[in-house]
Each structure stands twice: as C-alpha cells, then as structure tokens.
Number of protein chains: 2
Amino acid sequence: MEHRKLNEIIETYTSSMNEVNRRVNVLMNEQVHQELTTDQFSTLRFLQKKQPCTSSDIAHEFSIGKSAVTAQVNRLYERGLIDRKRDQDDRRIVYLSLTAEGKKLMEDGTQKLYDVLGDILLEFDSNEIETFIQSLEKLVRILREN
Amino acid sequence: MEHRKLNEIIETYTSSMNEVNRRVNVLMNEQVHQELTTDQFSTLRFLQKKQPCTSSDIAHEFSIGKSAVTAQVNRLYERGLIDRKRDQDDRRIVYLSLTAEGKKLMEDGTQKLYDVLGDILLEFDSNEIETFIQSLEKLVRILREN
DNA sequence: TATAATAGTTCACCCATTAAACTATTCATT
DNA sequence: AATGAATAGTTTAATGGGTGAACTATTATA
C-alpha cells in the first residue's frame with residue numbers, strides 16, 4: 001500500500017510533467033518564440049541575463065557538449081542575433097553577447113513570455129502558487145545534490 | 001509591485017522547470033533508459049499502457065506530426081521492440097504493440113524509473129508531495145482548457 | 001460511380017546532440 | 001626558456017527528432 005501509493009504518485013508526476021512540458025512548448029511556439037526554436041530561445045534568454053559569457057558557460061548551463069553549443073551559436077550568429085569577441089588577454093576565450101537585434105528580439109519575447117505564462121499562473125491563488133514554486137525549487141535542490 | 005512579483009514568479013518557474021527537466025533527463029539517461037532515447041522511452045511507455053494503438057494516437061498524445069511518428073516507429077520496429085499489424089476490417093489502420101522483447105525492456109525500465117524517482121520524491125514529506133502533485137494536475141487542466 | 005476523407009508513408013529539409021580528432025593558446029614544471 | 005599538459009573552442013561524421021507537402025491505399029459519402 002505504501003509502495004503502491006508512491007508508484008501512483010510517480011505515474012502522476014511523470015505524465016503531468018510531460019503534458020505540462022508539451023503544452024507549454026506548443027504555447028511558446030505559437031505565441032512567444034515565433035521565428036526561434038525552443039532551444040534557441042532558451043540560449044538567447046540565458047545570454048540576455050548572463051552576457052557576456054562563453055560557449056562553455058552555455059554548455060554547462062544546459063548540460064550539453066561544447067560542440068552542440070558551437071552548432072547552435074553558429075546558426076544564431078549567421079542570423080545576426082549573437083556577437084563573438086575574442087578575449088585580448090586569453091585568446092582561447094570567445095565572449096558571446098546579444099547584438100542590438102538579438103536584444104530587441106529577446107525583449108519582445110520576454111514580454112510575450114510574461115503575458116502568456118502570466119495568464120496561466122493567475123488562475124492559481126497567490127498562496128497556492130507560492131507553495132508550488134517553493135516545492136519546485138526544493139526539487140531542484142534535491143536534484144542538484146544527487 | 002503586484003506586477004513585478006508575478007514576473008519574478010515566472011522567472012523562477014521557467015528556470016526551475018528547465019533545470020528539473022534537464023536534470024531528470026540526465027538521470028533517466030544514466031539510470032533508466034540506457035539503450036533508448038528519452039523520446040523512445042516515452043513512446044514505448046505510452047504503448048505499454050495503451051497498446052494496441054495507432055500512429056495517429058501517438059502523434060496526438062505527443063503533439064507531433066504523423067511523419068515524425070513513422071520515423072520513430074521505424075527505428076523501434078527495426079530493433080524488434082514494436083509490432084505492426086493491419087486492421088482486417090479497415091486496412092488503412094495499423095495497430096502498434098510491444099513485442100515480447102519490448103515488453104520486457106519496458107518492465108525493467110519502469111521499475112528503474114520507480115526506483116530513481118522514488119528516491120527523489122521520498123525527500124518530500126507526504127503532505128508536501130500531495131500538494132505539489134495536485135498543483136501540477138491543476139496546471140495541466142488549465143493548459144488543456146487554454 | 002465519382003469524389004471526399006482518412007491513415008499512414010516517403011521525401012527533402014532543418015535543428016539538436018554526441019564523440020573523437022583537431023587547432024590554437026596558455027599554464028606549469030623542470 | 002623549453003617542453004608537455006591543460007584549456008577553449010571548432011570541425012566532422014553519425015544519429016535522432018521534427019515539419020510540411022506530396023503521395024498511396026483504402027474507406028465513406030453524395
């Protein structure tokens with residue numbers, strides 16, 4: 001019974017998480033990203049907060065290899081959304097930052113993100129959302145310690 | 001102030017959700033899927049519960065096109081994990097189900113999933129987890145109604 | 001019977017990822 | 001100061017996942 005209960009919770013957790021991710025992704029594609037993929041939007045959003053940063057920072061943030069970052073940055077660079085600049089003291093390092101166009105795109109995108117997710121989260125009362133977010137943060141801490 | 005608060009919640013929500021997804025994905029790759037990708041594991045898990053079902057069912061479940069399902073099912077079919085069987089009354093329809101090998105793989109995988117996620121979720125007390133799951137389910141309902 | 005609709009596949013194209021080999025540069029030890 | 005190790009990033013080849021349009025085969029309908 002104790003055992004069965006936990007497995008039911010796990011089933012509910014996985015199916016709900018998957019469905020939330022899929023549906024949020026659809027909303028993002030339709031109303032937020034527009035001309036970007038989800039991964040590109042995530043990378044530019046990281047850059048928006050942490051620029052200037054390096055390829056290695058991005059690889060670490062998203063738990064992917066550096067060659068995957070190179071490929072993605074190349075696409076964004078060719079579209080004029082990202083700048084590359086070599087460090088003058090350590091010429092191995094390349095600093096990445098948003099171009100003016102990239103910055104503008106992400107300001108619009110962030111606003112749309114706030115609008116779309118805001119509509120959804122406003123259907124919770126503020127205690128409920130606070131509790132939910134705290135549990136989510138706890139889950140992150142547990143996973144980090146793992 | 002009310003406005004700023006909501007946007008902070010959205011930032012916390014998105015970054016936590018992303019980090020949970022990434023870290024759970026890493027755990028799944030290391031300890032649960034093994035010889036499968038995350039998407040393949042999800043598809044086989046759906047099949048495990050809903051077999052026999054069609055390509056269109058899978059496309060609908062995961063919000064992807066039928067051609068994407070064909071590609072994925074081909075790979076699983078070639079590995080001997082999925083069976084295809086035409087409906088004798090309506091020969092347009094192809095029913096998909098797990099082979100014996102697929103079934104065994106997924107029984108093992110499901111047990112590993114329970115072990116890995118069980119360890120994590122047990123760090124919450126049962127009230128906390130219940131509340132969290134309920135909010136997650138509410139989020140799903142809101143997204144469905146959207 | 002001719003036309004619509006449906007289920008699934010194929011094709012051409014793109015994005016994301018890995019792993020190994022590589023270039024260029026800097027660091028560290030002798 | 002020279003050499004060998006470490007670091008940052010790129011290239012390449014391969015795989016998986018996705019879209020959308022065109023296609024085949026089959027069934028439903030008017």
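These numbers come from the heavy atoms of this one structure, side chains and all, not from hydrogens, waters or symmetry mates. Residue numbers start from 1 in every chain, and the chains themselves are labelled A, B, ... in the order their sequence lines are given, proteins ahead of strands.
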Under 3.5 Å, which protein N or O atoms sit close to an N or O of nucleotides 14-18 of chain D? Give each pair with its distance.
from, atom 1, to, atom 2, distance (Å)
dG17(D), OP1, Thr37(B), OG1, 2.4
dG17(D), OP2, Arg75(B), NE, 3.0
dG17(D), OP2, Arg75(B), NH2, 2.9
dG17(D), O3', Asp39(B), OD2, 3.2

Residue whose closest nucleotide on DNA chain C lies nearer the 5' end, Tyr95(B) versus Asp87(A): Tyr95(B)

Candidate pair Asp83(B) and Thr99(B), rule side chain to side chain donor-acceptor pair (under 3.5 Å), full reasoning: CA-CA 6 Å; Asp83(B) 254 352; Thr99(B) 62; over 6 Å; no

For Glu78(A) and Asn74(A), which I'm curious about, is there any donor-acceptor pair between the side chains at under 3.5 Å? no

Of all the heavy-atom pairs spanning Cys53(A) and Ile58(A), show the shortest one and how long it is. SG-CG1, 4.1 Å

Rounded distance (Å) that lies between atom P of dT17(C) and atom CG of Asn21(B): 13 Å

Salt bridge or not between Glu19(A) and Arg144(B)? Use side-chain N to carboxylate O under 4.0 Å. yes

Using atom CG of Asn74(B) as one end and atom C1' of dT10(C) as the other, report the distance to the nearest whole Å. 10 Å

For Lys66(B) and dT10(C), give me the distance from atom NZ to atom C1', rounded to whole Å. 13 Å

Any donor-acceptor pair under 3.5 Å linking the side chain of Asn29(B) with the backbone of Asn25(B)? yes

Cut-off 3.5 Å, no hydrogens considered: what does the side-chain donor-acceptor table look like for residues 62-73 of chain A, sequence neighbours left out?
from, atom 1, to, atom 2, distance (Å)
Thr70(A), OG1, Lys66(A), O, 3.2
Gln72(A), NE2, Asp39(A), O, 3.1
Gln72(A), NE2, Thr43(A), OG1, 2.8

Whether the Ser15(A) and Asn18(A) side chains hold a donor-acceptor pair (N or O, under 3.5 Å, no angle test) is what I'd like checked. no

Strictly below 4.0 Å, N to O, side chains only: are Glu61(A) and Arg45(A) in salt-bridge contact? no

Rounded to whole angstrom units, what separation is found between the CD atom of Glu78(A) and the P atom of dT10(D)? 12 Å

Any side-chain heavy-atom pair of Leu36(B) and Leu81(B) under 4.5 Å: yes

Taking atom C1' of dC15(C) as reference, at what distance in whole Å does atom CZ of Phe41(A) sit? 18 Å

Per the side chain to side chain donor-acceptor pair (under 3.5 Å) rule, what does the pair list look like for residues 116-129 of chain B, sequence neighbours excluded? Lys138(A)-Glu128(B)

Sub-4.0 Å heavy-atom contacts from residues 45-56 of chain B onto DNA chain D, ordered by number: none

Output one line per pair: protein atom, nucleotide atom from nucleotides 20-25 of chain C, and distance, for all N/O pairs under 3.5 Å.
from, atom 1, to, atom 2, distance (Å)
dT25(C), O3', Arg91(A), N, 3.4

Is dA22(D) in the syn or the anti form, by the rule that syn lies within 90° of 0? anti

With the side chain counted from C-beta on, respond yes when Leu27(A) and Leu143(B) share a heavy-atom pair under 4.5 Å apart, and no when they do not. yes

Round to a whole Å and report the spacing from CD1 of Ile58(A) to C1' of dA16(C). 14 Å

Should Val26(A) and Leu139(B) be counted in the same cluster of Ile, Leu, Val, Met, Phe, Trp and Tyr side chains packed under 4.5 Å apart? no

Steps toward salt bridge (Lys or Arg N to Asp or Glu O under 4.0 Å) verdict (Glu11(B), Lys49(A)): CA-CA 11 Å; Glu11(B) 288 294 338; Lys49(A) 292 177 207 156; 3.3 Å; yes

Whole angstrom is fine here: how far is it from CZ in Arg84(B) over to C1' in dA25(D)? 15 Å

Are Asp108(A) and Lys104(A) close enough, and set up right, to give a salt bridge (Lys or Arg N to Asp or Glu O under 4.0 Å), and what steps lead you there? CA-CA 6 Å; Asp108(A) 291 1; Lys104(A) 188 173 172 311; 3.5 Å; yes

Dot-bracket for DNA chain D: what is it, with Watson-Crick or G-U pairs under 3.5 Å, [ ] where a pair crosses earlier ones, and | for a pair to another strand? ||||||||||||||||||||||||||.|||

His60(A) NE2 - dT7(D) C1' separation (whole Å): 16 Å

